[in-house]
Amino acid sequence: GVLLAAALLGLWYSAESVVHADDSEAPADELLASIGEVQITRADLLEANSRGFEQLELARQQQILDHERSVHELTERTLDAVIGERLVEMEAEARELSVDELMTAEVDSKVVEPTDEEVDAFYEQNKNARGLQGQPKEAVVPQIRQYLSQQSRQQVFRDYVDALRAKYEVQNFLEPM
């Protein structure tokens, strides 16, 4: 929806705005060159290559949208992380524990260590992936165990923060993109 609207807006730009996208104050009749008595203006450039200027304008708009999307995604991730940190700090204070003590009790103690079957299945699914390719299973089992353990801890932490979000009635006012 947003990309289509931006594309349509780009096509609707007047000749003047497209020709001098970098210089919105420059008039279409601005003289850019002359050959004897023949004058070449910005409008002449648009006429000579309107499609090229339109494509550049659309590309510029896409870059702006991509940048805005990246900024919004970073803002969302950072906001979620800060909310999570604050919730953990609030809960630790409410329970008269340190953050480390709370994390040990509510997250670390609930992490499920991967089984041999899970390690084997992960190896089989990923043995051709970069980092595992050509490695015998025995050589990478410790890294696989650590990775699967970290994944489990991250999930337990996310679940715990979600429960804290509900308990403390978090309201997020960041508009979706």
Side-chain angles (χ1 to χ4, degrees), residues 1-90 99 121-136 139-140 143-144 146-155 157-162 164-166 168-177:
V2 173
L3 297 178
L4 178 59
L8 291 174
L9 281 175
L11 294 175
W12 291 340
Y13 269 88
S14 69
E16 285 184 41
S17 66
V18 173
V19 169
H20 49 78
D22 293 332
D23 185 7
S24 60
E25 300 302 314
D29 63 353
E30 178 184 7
L31 182 62
L32 298 177
S34 67
I35 305 170
E37 296 295 317
V38 177
Q39 296 183 345
I40 301 171
T41 65
R42 285 191 180 276
D44 295 326
L45 297 183
L46 177 62
E47 187 178 319
N49 192 0
S50 63
R51 184 155 176 83
F53 285 108
E54 288 171 359
Q55 288 174 343
L56 283 176
E57 180 60 20
L58 287 174
R60 185 184 71 81
Q61 291 174 8
Q62 183 62 48
Q63 288 176 339
I64 290 168
L65 287 173
D66 290 346
H67 175 74
E68 289 173 357
R69 186 176 299 108
S70 294
V71 167
H72 192 271
E73 288 170 358
L74 178 61
T75 301
E76 282 180 322
R77 285 191 311 268
T78 304
L79 180 59
D80 283 344
V82 170
I83 288 171
E85 288 174 18
R86 301 281 165 79
L87 286 169
V88 168
E89 290 166 359
M90 291 170 66
V99 169
F122 182 89
Y123 178 79
E124 287 304 316
Q125 288 174 345
N126 297 285
K127 65 184 173 187
N128 294 322
R130 191 183 236 184
L132 293 181
Q133 197 170 28
Q135 300 268 352
V140 293
Q143 293 93 330
I144 293 172
Q146 181 180 11
Y147 173 78
L148 293 175
S149 237
Q150 287 172 344
Q151 294 296 102
S152 174
R153 185 180 192 286
Q154 288 174 355
Q155 186 60 53
F157 178 74
R158 280 191 298 270
D159 292 345
Y160 183 60
V161 169
D162 287 345
L164 291 177
R165 281 176 175 269
Y168 287 94
E169 300 177 20
V170 172
Q171 294 181 12
N172 184 338
F173 303 111
L174 181 65
E175 292 288 328
M177 185 154 191

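What you are looking at is a predicted structure, and each value in this text was computed from that prediction instead of being measured. Every heavy atom of this structure was used, including side-chain atoms; hydrogens, water molecules and symmetry mates were not.
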| task | Any chance you could lay out the side chain to side chain contact (heavy atoms under 4.5 Å, CB included) test for Y160 and L87, step after step, and finish with the verdict? | result | CA-CA 10 Å; Y160 183 60; L87 286 169; over 6 Å; no

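Residues I40 and I35 meet the side-chain proximity criterion, which asks for heavy atoms closer than 4.5 Å. Side-chain contact between L79 and N172: present, with at least one pair of heavy atoms (C-beta onward) separated by less than 4.5 Å.
Of all the heavy atoms in F53 and L45, the pair that sits closest is CE1-O, 3.5 Å. The minimum heavy-atom distance between N126 and F122, with the atom names listed, is ND2-O, 2.8 Å. Annotation for Y123 and Q135: closest pair OH-O, 2.7 Å, computed over non-hydrogen atoms. The heavy-atom pair separating H72 from E175 by the smallest distance is NE2-O, 2.6 Å. When all heavy atoms of Q39 and D44 are compared, the pair lying nearest together is O-OD2, 3.4 Å.
Of the possible donor and acceptor atoms, none in the side chain of S152 sits under 3.5 Å from a partner among the backbone N and O of L148.
Rounded to the nearest 0.5 angstrom, M177 CE and R69 CZ are separated by 5.5 Å. Here the straight-line distance linking atom CG of L164 with atom CD1 of I83 works out to 12.0 Å at 0.5 Å rounding. For the atom pair OG1 (T75) and CG (L174), the distance works out to 6.5 Å, reported to the nearest 0.5 Å. Between the CG atom of L65 and the OG atom of S70 there is a distance of 10.5 Å, given to the nearest 0.5 Å. Note that CD of E68 is 7.0 Å distant from CD1 of I64, once rounded to the nearest 0.5 Å. With rounding to the nearest 0.5 angstrom, the CD atom of E47 is 11.5 Å from the CG atom of N49.
A salt bridge links D80 and R165; the closest N-O separation between the charged side-chain nitrogens and carboxylate oxygens is under 4.0 Å. By the 4.0 Å N-to-carboxylate-O rule, E54 lies too far from R51 to be salt-bridged with it.
Between Q154 and Q150, the side chains place no donor N or O within less than 3.5 Å of an acceptor N or O (distance only, hydrogens not considered). There is a side-chain donor-acceptor pair under 3.5 Å between R158 and Q155.
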